[in-house]
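Down below is the structure, laid out as structure tokens.
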Protein chains: 2
Amino acid sequence: MNIGQASKASGVTQKMIRYYESIGLIKDVERSENGYRTYAPNDIHTLAFIRRARHLGFSIEQIQALMALWRDEARSSAEVKAIAKIHIAELQAKIEELAAMQRTLEHLVACCAGDDRPDCPIIDDLSAKAEAPAKATPARSNGRHRAQPRV
Amino acid sequence: MNIGQASKASGVTQKMIRYYESIGLIKDVERSENGYRTYAPNDIHTLAFIRRARHLGFSIEQIQALMALWRDEARSSAEVKAIAKIHIAELQAKIEELAAMQRTLEHLVACCAGDDRPDCPIIDDLSAKAEAPAKATPARSNGRHRAQPRV
DNA sequence: GATTGACCTTACCATCATGGGAACCCCCAT
DNA sequence: ATGGGGGTTCCCATGATGGTAAGGTCAATC
């Protein structure tokens, strides 16, 4: 099975299949005489595993660990669970970060008339020089740790 | 005021100040004879604006639009509000995507014994070949549009 | 006057996972 | 032999950020 077939069967793009091979996430696959990569059903299975793990937001590094456990007959489910729990915590952190932004914005939007006049609490907030906190949403610990968050 | 002072005063790293200049988000600033960038209080204000907008998760492109409105005396608050609403929707979409991952993972983790034995529903799910959906979380439309989500 | 150290400059590389495209090779059918 | 639909490698781009190296500048201290 060539890479095009493997891509369709696994749902992973050809581009990414080659990338996963190049970074060692999957082993270098057999080549036929013309240099084409040749995939066995087992390889497709592996690729689909990766696709599903990516779909759940696992990083390549985490997937590497998961695949090692997958192959390991003597694994303990505790190890797998630990990785999953870490990822859940990562997702939770990210969600909270985004939700905090959203909350602030919702508040500002609610305060903004949204008409033809230039007066705008959103702009005011962004251009504010360390004003006193608003009374409507008091002392809410919204975990601002990074000044420049990666979004 | 040199870039170091400007960085401290605005909370934007020197690196990012130069970057913002290079991409045209802020105008090329005055240079003193030795080639050092020189910042006026107004520039600091602009940088702080950018920092706060980034903190709310606005993209550089959106910030460009927000800053144009900020400078525009004849702006309508509706224009600002529109940008903010778009961003709120983006945040919402992202949050839902992550929450869907989290929900699935929570379910799998709850099903996993997490002991010394290798049997693991998490691994089983990842390596599954298009099984029937679980009954515990039925037919939930969790918006899976991208096969390989950017997380 | 010379050295030190804090500051500034540009330029390049790395991140993370992914897509796009060019230039080229291979195979099969018309 | 020509065309088309595979495949291959290599380079570049994304977005926003950090790191580092090699060098210029300045003020203070020895």
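All heavy atoms count here, side chains included; hydrogens, waters and symmetry mates do not. Order of the sequence lines fixes the chain letters, A, B, ..., with proteins taken first and strands second; residue numbering starts at 1 for each chain.
Taking the side chain as every heavy atom from C-beta outward, A:I17 and A:L47 approach each other to under 4.5 Å. Using a 4.5 Å heavy-atom cutoff, the side chains of A:C120 and B:K81 are not in contact. The side-chain heavy atoms of A:D124 and A:L108, taken from C-beta on, include no pair separated by under 4.5 Å.
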Please write out the pairs of protein N or O atoms and N or O atoms of nucleotides 27-29 of chain D separated by less than 3.5 Å, giving the distance to one decimal.
none

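Residues satisfying the ring-ring contact (aromatic ring centres under 6.0 Å, His included) test with B:F49, not counting sequence neighbours, are B:W70.
Counting only residues at least two apart or on different chains, no salt bridge (Lys or Arg N to Asp or Glu O under 4.0 Å) pair has a member in residues 55-74 of chain A. Within the structure, salt bridge (Lys or Arg N to Asp or Glu O under 4.0 Å) contacts touching residues 10-21 of chain A (residues at least two apart or in different chains) are A:E21-A:R31, A:E21-A:R37.
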### Query
Which letters describe nucleotides 6-11 of chain C, given B = protein heavy atom under 4.0 Å from base, S = only from sugar-phosphate, - = neither?
-BSBBB

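The side chain of A:Y19 contributes no N or O atom lying less than 4.0 Å from OP1 or OP2 of C:dG19. A sub-4.0 Å separation between OP1 or OP2 of D:dG18 and a side-chain N or O of B:T13 is present. Contact annotation: B:R54 does not reach the phosphate of D:dG15 (side-chain N/O to OP1 or OP2, under 4.0 Å).
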### Task
Report the C-alpha separation of A:E106 and B:K85 in whole Å, then their side-chain angles, then the decisive distance to 0.1 Å, and conclude whether the side chain to side chain contact (heavy atoms under 4.5 Å, CB included) test is met.
CA-CA 8 Å; A:E106 292 279 19; B:K85 277 187 166 177; over 6 Å; no

#### Entry: Check against side chain to side chain contact (heavy atoms under 4.5 Å, CB included), B:L105 and A:L56
CA-CA 8 Å; B:L105 274 170; A:L56 290 178; 4.3 Å; yes

### Query
Going through the distances and angles, do B:M67 and B:I63 end up as a side chain to side chain contact (heavy atoms under 4.5 Å, CB included)?
CA-CA 6 Å; B:M67 284 183 17; B:I63 294 174; 3.9 Å; yes

### Query
Taking it one step at a time, do B:I83 and B:L66 satisfy side chain to side chain contact (heavy atoms under 4.5 Å, CB included)?
CA-CA 8 Å; B:I83 294 175; B:L66 288 172; 4.0 Å; yes

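Axis angle, first five pairs versus last five pairs of the helix from C:dG1-D:dC30 to C:dT30-D:dA1: 50°, rounded to 10°.
A straight line from CD1 of A:I17 to C1' of C:dG19 spans 15 Å, rounded to a whole angstrom. In this structure, B:I50 atom CD1 and D:dT17 atom P are separated by 10 Å, rounded to whole Å.
Inspection of the A:D119 and B:S77 side chains reveals no N or O donor paired with an N or O acceptor under 3.5 Å.
Mapped onto DNA chain D by nearest heavy atom, B:E61 and B:E33 fall at different nucleotides, with B:E61 at the one closer to the 5' end.
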